[in-house]
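For the numbers below, each heavy atom of this structure counts, side chains included, while hydrogens, waters and symmetry mates do not. Index from 1, following the sequence. Nothing here was measured: the structure is a model prediction, and the numbers come from that model.
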Amino acid sequence: MSLARVSTFAFSGIEAVPVEVQVQLSPGLPQFALVGLADKAVGESRERVRAALTGLGLSLPAKRVLVNLAPADLAKEGSHYDLPIALALMAAMDVLPREELAGFAALGELSLDGAVLPVAGVLPAALKASERGLGLICPAPQGGEAAWAGRGEVLATPDLPALLNHFRGLQVLAPPAPPALDAAAWQGPCLSEVKGQESAKRALEIAAAGGHNLLMLGPPGAGKSMLAARLPGLLPPLTPGEALELSLIHSVAGLLRGGALLTRPPFRDPHHSASQAALIGGGNRGKPGEISLAHHGVLFLDEWPEFPRPALEALRQPMETGRAVIARANAHVAYPARFQCVAAMNPCRCGHLGDAPRECARAPRCGEDYLDKLSGPLIDRMDLVIEVQAVPAAELARAPRGEPTAPIAARVTEARARQRSRYGADGPRHNAAADGAALEATVSLERPARQLLEQAAERMGLSARGFVRTMRVSRTIADLAGSASVGRAHVAEALAYRFRRPLRKAA
Ligand SMILES: Nc1ncnc2c1ncn2[C@@H]1O[C@H](COP(=O)(O)OP(=O)(O)O)[C@@H](O)[C@H]1O
Ligand SMILES: [Mg+2]
């Protein structure tokens with residue numbers, strides 16, 4: 001009787017939790033059993049492992065084969081157990097040396113012909129493996145991801161035969177090279193392509209500089225989507241720590257391509273038919289949602305009121321806490337979700353409200369109804385609310401190109417540097433992340449500025465949240481102006497961006 005063991009991992013949020021695959025061969029009727037709280041995909045591993053071994057010319061021993069995934073009380077999900085199960089089985093059959101396997105953890109899916117296919121979670125697995133002093137055996141395309149994260153040896157194998165040859169010393173697998181982490185320059189569309197729209201661009205610059213949420217209201221074709229898509233170009237590249245955190249989330253979601261890490265703030269624009277699980281996270285695998293995939297970047301919600309109401313309301317909590325908590329059958333999983341929300345909407349359902357000849361019979365009531373789809377607390381979380389009016393076609397043709405992305409991004413970077421020196425390396429990342437106390441301690445409102453803010457709070461009926469959010473935006477406007485303290489003009493501009501009903505007519 002012989003017991004073989006191979007280390008692998010289960011995933012809880014972006015944490016890799018150690019799991020041991022144990023294989024025991026014992027005399028008895030030939031049978032292949034798998035125990036240890038495995039879901040359907042793991043259960044199907046048996047068939048894939050059996051086929052892959054057959055492909056190698058190895059038939060299962062005519063014995064009772066028992067595979068146990070320990071600890072037994074931890075739920076195991078996904079197809080990445082194929083490889084460790086196959087390796088443990090091969091060790092139990094004395095095809096692979098047990099002593100050498102003991103120095104590795106493994107994960108990967110097997111195809112029927114023995115190829116090792118990419119799986120989700122290689123990055124957190126590599127981090128955890130090196131923390132435990134282990135190397136990692138993973139699919140070949142994900143070697144870079146593993147090499148970047150782990151200090152241990154990485155065996156990135158295209159298939160089982162290549163791994164077998166490696167352990168037999170016939171043909172050694174070359175160690176994968178970690179991907180270069182130099183932050184790439186912005187490759188996306190340039191703001192100079194947006195003509196006119198100076199006040200919308202100003203709001204975009206403020207949103208970028210302080211990490212604030214932005215709501216754009218305006219008729220179809222006004223350029224809202226165009227403006228939103230250019231926001232990530234204004235954001236500074238991620239720090240190595242941020243890049244790792246974001247890449248972990250994308251790795252767990254199975255979205256990290258070609259072993260490359262993400263070094264730019266993400267831009268996610270889920271369609272308004274997205275379910276709550278797709279947006280917030282969850283589903284039967286507890287995968288991260290769009291708000292976590294947008295961590296340290298931009299979540300763009302186009303046609304905002306068209307999203308399902310429960311999905312919208314579920315955004316409220318993460319928008320305050322920066323975390324997405326997903327309830328699962330037996331546990332809660334949390335993913336980081338510190339995103340910047342940019343929403344766009346038409347003034348009413350048909351989009352023509354305010355355009356007298358094309359307005360429908362229900363105007364202006366239809367606009368009110370459309371806004372009512374969004375709850376007060378949700379709109380209250382939008383730091384900057386602007387109206388975007390279409391630039392007339394004749395003007396579009398005549399207007400010169402606008403200011404390009406690069407110089408605006410440089411101003412944003414400077415404003416961010418001021419915030420960092422104020423909050424310190426361990427403090428909030430930008431003004432939008434500064435909470436009440438940190439903000440109060442550092443905002444330095446001049447006396448007239450505070451007076452104006454307090455008067456306006458009373459007149460406009462600002463909520464406590466609205467008050468704090470206005471203070472943050474004022475701070476960002478002062479940072480862009482290079483001012484150490486926040487003056488009355490900064491507060492006045494910030495107040496102009498607060499949402500109020502009925503909507504102001506844009507100039
Ligand atoms: N200010 C502008 N400068 C240049 N092109 C514009 C501008 N506004 C609109 N357009 C053109 O109109 C198209 C529609 O804009 P879009 O951003 O999709 O509008 P919205 O999202 O507000 O409905 C754009 O793809 C662009 O070609
Ligand atoms: Mg649009």
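- The shortest heavy-atom contact between A409 and G233 is CB-O, 3.8 Å.
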Hey, mind stepping through K287 and S292 against side chain to side chain contact (heavy atoms under 4.5 Å, CB included) and telling me if it holds?
-> CA-CA 10 Å; K287 291 282 187 200; S292 293; over 6 Å; no
Report the C-alpha separation of E403 and K201 in whole Å, then their side-chain angles, then the decisive distance to 0.1 Å, and conclude whether the salt bridge (Lys or Arg N to Asp or Glu O under 4.0 Å) test is met.
-> CA-CA 10 Å; E403 190 181 16; K201 286 182 193 164; over 6 Å; no
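- Taking the charged nitrogens against the carboxylate oxygens, R498 and D380 do have a contact shorter than 4.0 Å, which makes a salt bridge.
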Apply side chain to side chain contact (heavy atoms under 4.5 Å, CB included) to I408 and L204, showing your working.
-> CA-CA 10 Å; I408 309 175; L204 207 62; over 6 Å; no
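- H212 and A432 make their closest contact through ND1-CB, 3.9 Å (heavy atoms, listed as atom of the first residue, atom of the second, distance).
- Classification of E395 and R398 as a salt-bridged pair fails, no side-chain N sitting under 4.0 Å from a carboxylate O.
- Of the possible donor and acceptor atoms, none in the side chain of Q142 sits under 3.5 Å from a partner among the backbone N and O of P139.
- Atom CD of Q451 has more than 12 heavy atoms from other residues, nucleotides or ligands within 6.0 Å.
- The shortest heavy-atom contact between W186 and A229 is CZ2-O, 4.0 Å.
- By the neighbour-count criterion of 12 heavy atoms within 6.0 Å, atom CZ of R323 is sparsely surrounded, having that number or fewer from other residues, nucleotides or ligands.
- In terms of heavy atoms, Q340 sits closest to L231 at NE2-CD2, 4.0 Å.
- Here the closest heavy-atom approach between residue V412 and residue P236 is recorded as CG1-CD, 4.2 Å.
- In this structure, H80 has its ring center closer than 6.0 angstrom to the ring center of F11.
- Nearest heavy atoms, E446 versus G487: OE1-CA, 3.3 Å.
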After noting the C-alpha distance and the side-chain angles of R418 and E414, does the key distance pass the salt bridge (Lys or Arg N to Asp or Glu O under 4.0 Å) rule?
-> CA-CA 6 Å; R418 284 191 196 99; E414 256 176 60; 3.5 Å; yes
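- Using modelled atom types, one side-chain atom of D383 and one backbone atom of N213 make a donor-acceptor pair closer than 3.5 Å.
- Using a 4.0 Å cut-off between a side-chain N of Lys or Arg and a carboxylate O of Asp or Glu, R338 and E245 do not qualify as a salt bridge.
- With rounding to the nearest 0.5 angstrom, the CD1 atom of I206 is 8.0 Å from the OG1 atom of T476.
- The side chain to side chain donor-acceptor pair (under 3.5 Å) test with N431 singles out one residue from R416, R475, R422, and that residue is R422.
- The pair E440-R450 meets the salt-bridge criterion, since a charged nitrogen lies less than 4.0 angstrom from a carboxylate oxygen.
- The CZ atom of F499 lies 10.5 Å from the CE atom of M460; values are rounded to the nearest 0.5 Å.
- Summarising the geometry, atom SG belonging to C341 is positioned 11.0 Å from atom CZ belonging to R381; distances are rounded to the nearest 0.5 Å.
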